Amino acid sequence: MRITGSIKETRDQVKEWKAAGLSVALVPTMGYLHEGHRSLIDRARKENDKVVVSIFVNPMQFGPNEDLDAYPRDLDRDAKICEDGGVDLIFHPEVEEMYGPDFCGYVDMHTLPEKLCGASRPVHFRGVQTVVTKLFHIIPAHKAYFGQKDAQQLAIIRRMVIDLDFDIEIIGCPIIREDDGLAKSSRNTYLSAEERAQAVILNQSLDAAMDAIEAGETDATKVKQIITDTLNTCPLAKIDYVEVTSFDTIQPIEKVEGAVLIAIAVYIGTTRLIDNRIIL
Ligand code: PAF
């Protein structure tokens, strides 16, 4: 497995593989890999000849008061996980390699980024779209693999690929959970033992909503109330948002029908966690 921070070396290698007729996958990450990332790597490995993992904590997608400096980093550990997963190349650039001193080329989008996480993280999705665009140019893979935990990110990237004619297939992969149901996240490492125990409430509140929907509830307001009531039973949980939206447009809906995204963001102590259910 090769590890490089060079855009040129990475692009040349991917072009060489493609010229030899090999299929190439990209798994974009910010590192501190967990089983969720590993599941993306495994799927990419199964479906392609070559797998590239990018590891880059992208400063552009963090707001001024967010956790950029605290975000966990451990390249040696990540490299071991990638090696075990059969990854061929890790692209691990410095910030200066990605964003030169005169950088001013952003990729942005209307409507999809405005709600949910975009409402409380105003610069986040512009940063995600910009870095993912750059990664797609640096690593012109056939397929790119993203987790469904970041459902709004997945919807935005799918839309971006259609609207801007990227020649890459976007594969959304299921959320991987701890045994008690908490969605795996690099940010779970911030939780104290007490917070970790209470964080399971996110998944439980979504289970309660799905139970109601399976029993015939279609009123989005009632579904949101079930989630809110469940979350409010947890003393450490502070709701950022509870939303029922169209999965395609990320706009709120009144009736649960068609492709639906039920998405929540909740602070457990000072750690902001997200989770969701997608109904297709
Ligand atoms: O999901 C992530 O880890 C990041 O948002 C991504 C897609 C790697 C872009 O920095």
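Source: prediction; values computed, not measured. Every number for a ligand or one of its atoms is a count from 1 in the order of the listing.
Residue L135 does not touch ligand 1, judged by heavy-atom distances below 4.0 Å.
For ligand 1, the polar-atom distance check against Q153 finds a nitrogen or oxygen pair separated by under 3.5 Å. Not a single N or O atom of N58, backbone or side chain, sits closer than 3.5 Å to an N or O atom of ligand 1.
Atom numbering of ligand 1 starts at 1 in the shown order; those under 4.0 Å from a heavy atom of P28 are 8 (C). Those atoms of ligand 1 with a heavy atom of V131 less than 4.0 angstrom away are 9 (C), 10 (O).
For I250 against L116, the heavy-atom pair with the smallest separation is CG2-CD1, 3.6 Å. Pairing each heavy atom of Q198 with each of C234, the nearest pair is OE1-SG, 2.9 Å.
The protein heavy atom nearest to atom 9 (C) of ligand 1 is Q61 OE1, 3.3 Å.
The pair R158-D248 fails the salt-bridge criterion, with no side-chain N (NZ, NE, NH1 or NH2) lying under 4.0 Å from an Asp/Glu carboxylate O. With respect to the salt-bridge test (charged N to carboxylate O, under 4.0 angstrom), the residues D12 and K8 qualify.
Taking the six-membered ring where tryptophan is involved, the planes of F166 and H137 are tilted, since the angle between them lies from 30° to 60°.
Remark: aromatic rings of F62 and Y71 are close, center separation under 6.0 Å.
Closest heavy-atom approach to atom 8 (C) of ligand 1 within the set T29, V27, D150: this belongs to T29.
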